[in-house]
Enquirer: 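Next up is a structure, given as structure tokens.
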Amino acid sequence: MISPKDFVRDVVRELKPYKPSMEPCKIKLDANENPFDIPLEIKQRIWERVKKEKFNFYYDPNCTELREALSKYTNTSSTNIFVGSGADEIISDIIFAFAGPGRDVIIPVPAFESYEIYSTISGANVIKVPLLPKNELTPWDLDVDLIKSYFKQDKPQLLFLTYPNNPTGNYFSEDKVLELVNNFNGIVAIDEAYYEFGGKTFADRLSKYPNLVVIRTFSKAFSMASGRVGYALGHEDLINQLYKVKLPYNVSLFSQIACTEILRETEWIEEQRKKVIESRTKLKKELDKISGMYVYQSYTNFFLCDFAKSRDQIYEELLDRGILTKKFYGFGLETTLRFAIGSPEQNEILINAFKEITGCKTKN
Ligand SMILES: Cc1ncc(COP(=O)(O)O)c(C=O)c1O
């Protein structure tokens, strides 16, 4: 009997489906979602607009209105902006356009998993370069010399950098990023999915570096993970290459209108951003007092935390209390958990859970 497995591409045969955790839980902190939903008045304004549109026709394939709103928000011309169905699709479009068989994709690890998954599917050669061993002075920084040792002048290459990094939560040194950008003969994709929580960006250097592309998302600071909208900022020549690999009607009517309307809510955006940052400061202060755990500095809406006790046990004990966090494997992450910053009430429950699980000792 014919089996589809006999026809699947080799690189796909070896893959396991990426399965986001769907464990039943009361407090979901595993996917770096924003704990604060969009207020009902804004949802209603979105719906008032959406319901007037024709649902039977394809909606604007160029996301014209949304790109204009993004142009104001990012202070970038709309010809330098490309919109996709989540930052995930932007990442996959960059890989489709610039990677593939016979090409290298260089990824400092640990990093966001999608870079490796889509690069593998594209048939590219994936080069994972470990970050420098973590210590208090330089937590999780780039090993510039090691990364540069993989640079080739005669082969197309793509380099991914996450700024701030996921899952570690820190910024790589700006000088190191610039050293890589200045020495790389290929495309550098800087993923700024968490930009709003830290404020640092490479988007203001795009005119100097035509090989640079910045990736952003509406899923984090804008509380629109369900809408699936991300965007890329880059030189027009680079953006035009992305249009060639784009699916024709990739961003739905609902998503385009919702994100356009959200960008009008400048006061709400600012309030929301401040609320997450304040929660982050308070949560770190409380968690720092608990012995048996070390919380890495974060410029995102999540923390990576190291534990003296078995992290698998801590993961299970949190889950028993209805709190879902995320475990990683490899790259020195076996002793860590990552969890999103929740609402003040959720953070309170998390702090108490950590106190109970680690024996409730507080550091002096
Ligand atoms: C660094 C990074 N890039 C991209 C994404 C994907 O974002 P989106 O929801 O827009 O696909 C995430 C999601 O967690 C992320 O952490």
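When a ligand or atom number is given, it counts from 1 through the structure's own listing order.
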Enquirer: How about D191 and Y115: does a side-chain donor come under 3.5 Å of a side-chain acceptor?
Expert: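 Yes, Y115 and D191 have a side-chain donor paired with an acceptor closer than 3.5 Å.
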Enquirer: Partners of R13 by side-chain hydrogen bond (donor to acceptor under 3.5 Å, both in side chains), sequence neighbours excluded?
Expert: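 For R13 the side-chain hydrogen bond (donor to acceptor under 3.5 Å, both in side chains) partners, ignoring immediate neighbours, are D10.
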Enquirer: Are the side chain of N80 and the backbone of G234 linked by a donor-acceptor contact shorter than 3.5 Å?
Expert: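 Answer holds: yes.
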Enquirer: Tell me every residue that passes side-chain hydrogen bond (donor to acceptor under 3.5 Å, both in side chains) with D204, counting only those two or more places apart in sequence or in another chain.
Expert: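 None.
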Enquirer: Which donor-acceptor pairs under 3.5 Å do side chains of residues 207-216 form with protein atoms, sequence neighbours excluded?
Expert:
from: Y209; atom 1: OH; to: N182; atom 2: OD1; distance (Å): 3.0
from: N211; atom 1: ND2; to: G186; atom 2: O; distance (Å): 2.9
from: R216; atom 1: NE; to: E192; atom 2: OE1; distance (Å): 3.0
from: R216; atom 1: NH1; to: Y231; atom 2: OH; distance (Å): 3.2
from: R216; atom 1: NH2; to: E192; atom 2: OE1; distance (Å): 3.2
from: R216; atom 1: NH2; to: T201; atom 2: OG1; distance (Å): 3.1

Enquirer: Quick one: ligand 1 N/O to protein N/O pairs below 3.5 Å?
Expert:
from: ligand 1; atom 1: 3 (N); to: D191; atom 2: OD1; distance (Å): 3.4
from: ligand 1; atom 1: 3 (N); to: D191; atom 2: OD2; distance (Å): 2.6
from: ligand 1; atom 1: 9 (O); to: S219; atom 2: OG; distance (Å): 2.7
from: ligand 1; atom 1: 9 (O); to: R228; atom 2: NH1; distance (Å): 2.8
from: ligand 1; atom 1: 10 (O); to: A87; atom 2: N; distance (Å): 2.6
from: ligand 1; atom 1: 10 (O); to: T217; atom 2: OG1; distance (Å): 2.5
from: ligand 1; atom 1: 10 (O); to: S219; atom 2: OG; distance (Å): 3.2
from: ligand 1; atom 1: 11 (O); to: A87; atom 2: N; distance (Å): 3.2
from: ligand 1; atom 1: 11 (O); to: D88; atom 2: N; distance (Å): 3.0
from: ligand 1; atom 1: 11 (O); to: R228; atom 2: NH2; distance (Å): 2.7
from: ligand 1; atom 1: 14 (O); to: Y194; atom 2: OH; distance (Å): 3.4
from: ligand 1; atom 1: 14 (O); to: K220; atom 2: NZ; distance (Å): 2.9
from: ligand 1; atom 1: 16 (O); to: N166; atom 2: ND2; distance (Å): 2.7
from: ligand 1; atom 1: 16 (O); to: Y194; atom 2: OH; distance (Å): 2.7

Enquirer: Hey, is the main chain of S85 close enough, under 3.5 Å, to the side chain of E89 for a donor-acceptor pair?
Expert: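 Pair found, side chain donor or acceptor close to backbone of S85.
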